[in-house]
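Report on the following structure.
Lettering of chains follows the sequences in order, A, B, ..., and the numbering in each one begins at 1. Bear in mind that the values here come from a model prediction, so they are computed numbers and not experimental data.
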2 protein chains.
Amino acid sequence: MQHTDFSSMPCPVARGLEQVGEWWSILILRDAYYGVTRFDEFRERLGIAPNMLTRRLKKLVEVGMLERRCYNQHPPRYEYVLTDRGRDFRSVVLAFFAWGNRHFAEEGRAVILIDTVTGKEVEPVLTDPATGNVVEGLRYRVVPGPAATDVIRSRHAKLEQARQRSLPADFSQGK
Amino acid sequence: MQHTDFSSMPCPVARGLEQVGEWWSILILRDAYYGVTRFDEFRERLGIAPNMLTRRLKKLVEVGMLERRCYNQHPPRYEYVLTDRGRDFRSVVLAFFAWGNRHFAEEGRAVILIDTVTGKEVEPVLTDPATGNVVEGLRYRVVPGPAATDVIRSRHAKLEQARQRSLPADFSQGK
DNA sequence: CAGTATCCTGTCCGATACTG
DNA sequence: CAGTATCGGACAGGATACTG
């Protein structure tokens, strides 16, 4: 990315975006969750130019989302398999998937997530495993953590002040 | 975006990326969840160039994530507040957040999500509300939905065939 | 099958200056 | 405070040709 370097930034969202912020990266991972591993299968399914595919795959290997593995000597053939980190990212893609299906499927859902055990469609939600509650609304908030810097703390304090001045009824509306 | 037009594509992930696929969009929304609504507050917190901020805000309003609202006549002053759709996207950002904290916080978490009722840190997971199970592993799969086109179905069938030939032990590994 | 090599275009983004 | 206007650079992404 050609913008400001965010590697120094503490926000995990910004950090994450630096690894997989590109358009194709997400789509490649999406197909990886389908079980796709081969270069040509990616290329064909995604309709992506081969040089771009090379670049994105290389990057994904670099940041530890995929592993380039030789599955055949003579001739040497490689495939791209998910690492633990890459597999763990599936929850993000599925959250995205669920949101997309909720908001951009006026003509019906073309693809759905199912539970193969029950056979039913699943509409996944983000929950707190400790309480079982759905994570939404003002109850859940992002605050400085144990490794917070002074900058973070002061930024957060500034926000709190602004909140005092005008209660954000706007945000709480959505239950 | 200067790449292939995906608006015709049925995948909700691709569709979603078209709305908020840009780098700053996600970060702007992240700050909106903090309660930020004003142009200058966004600019200062994000360190973004004003023209870029204008572009991204405009886009986010266009796609229905934010609403531009006049909060003062004489002089006219505007603020950007989350719509339902924008608020709903928070689960995606939080999934991203959680993943980032799991994988890129070697020196400790600078920010954390907390439950303000219990006061405890929350590590949210994606679950199926119907069964209460965590959505992960091969049990959950994406398949053609009710509005699937022939293209989707045949692509899916093709994948199934490939799966028969080589069971993807790779993907199931990760439990 | 799994890429590499080249060339080109669009646009994301930053920097800076200016305005009601 | 909330932007607009203009400029330039970097790179994502596309198209195409070629290789072991």
Tabulate protein N/O versus nucleotide N/O from nucleotides 4-7 of chain C, keeping only pairs under 3.5 Å, one per line.
{"residue": "C/dT4", "atom": "OP2", "partner": "A/T54", "partner atom": "OG1", "Å": "3.4"}
{"residue": "C/dT6", "atom": "O4", "partner": "A/N51", "partner atom": "ND2", "Å": "2.9"}

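- Here the C1' atom of nucleotide C/dT11 and the CH2 atom of B/W24 are 16 Å apart, to the nearest Å.
- In DNA chain C, stems built from 3 or more consecutive Watson-Crick or G-U wobble pairs, each with both distances under 3.5 Å, span C:1-20 with D:1-20.
- Distance, A/L27 CG to D/dG13 P: 10 Å, rounded to whole Å.
- In this structure, of C/dC1, C/dC13, D/dC1, it is C/dC1 that holds the atom nearest to the side chain of A/D40.
- Remark: A/R139 engages B/D115 in a salt bridge (Lys or Arg N to Asp or Glu O under 4.0 Å) (not counting sequence neighbours).
- Not counting sequence neighbours, B/Y34 has no partner by the side chain to side chain donor-acceptor pair (under 3.5 Å) test.
- Closest approach of B/V134 and B/Y140 over heavy atoms only: O-CE1, 3.5 Å.
- In this view, A/E67 satisfies the side chain to side chain donor-acceptor pair (under 3.5 Å) rule with no residue, not counting sequence neighbours.
- Between A/F42 and A/I28, the closest heavy-atom pair is CE2-O, 3.4 Å.
- Partners of B/R153 by side chain to side chain donor-acceptor pair (under 3.5 Å), not counting sequence neighbours: none found.
- Take A/R43 and apply the side chain to side chain donor-acceptor pair (under 3.5 Å) test, not counting sequence neighbours, and it matches A/D40.
- Contact detail for A/V13 and B/F96: the closest heavy-atom pair is O-CE2, 3.7 Å.
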With a cut-off of 3.5 Å and sequence neighbours excluded, list every side-chain donor-acceptor pair involving residues 122-132 of chain B.
{"residue": "B/T127", "atom": "OG1", "partner": "A/T127", "partner atom": "OG1", "Å": "3.2"}
{"residue": "B/D128", "atom": "OD1", "partner": "B/A130", "partner atom": "N", "Å": "2.9"}
{"residue": "B/T131", "atom": "OG1", "partner": "B/N133", "partner atom": "N", "Å": "3.2"}
{"residue": "B/T131", "atom": "OG1", "partner": "B/N133", "partner atom": "ND2", "Å": "3.2"}

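- Nucleotide D/dC1 holds its P atom 14 Å from the CD atom of B/E79, rounded to whole Å.
- Across C/dC13, C/dA2, D/dA2, the shortest atom-to-atom separation from the side chain of B/Y71 is found for D/dA2.
- Nearest to the side chain of A/M52, among C/dC12, D/dA12, C/dC1, sits D/dA12.
- For the pair A/Q73 CD and C/dC1 C1', the interatomic distance rounds to 16 Å; values are reported in whole Å.
- A/F42 comes within contact range of no nucleotide atom at all, as no heavy-atom separation falls under 4.0 Å.
- In this structure, the side-chain contact (heavy atoms from CB on, under 4.5 Å) partners of A/V63, at least two apart in sequence or on a different chain, are A/Q19, A/K59, A/M65.
- Within the 4.0 Å cut-off from OP1 or OP2 of C/dT11, not a single side-chain nitrogen or oxygen of B/W23 is found.
- Distance from the side chain of A/E22 is smallest for D/dA12 among the nucleotides C/dC1, D/dA12, D/dC1.
- Phosphate proximity of C/dC13 to B/R56: present, with a side-chain N or O under 4.0 Å from OP1 or OP2.
- Residue A/R77 has no polar side-chain atom (N or O) positioned under 4.0 Å from OP1 or OP2 of C/dG3.
- The CG-P distance, from A/L57 to C/dG3, rounds to 8 Å in whole Å.
- Separating the OH atom of A/Y80 from the P atom of C/dA2 is a distance of 9 Å, rounded to the nearest angstrom.
- Rounded to whole angstrom, the span from the OH atom of A/Y78 across to the C1' atom of D/dG20 amounts to 13 Å.
- Rounded to whole Å, the distance from CD1 on A/I28 to C1' on C/dG3 is 14 Å.
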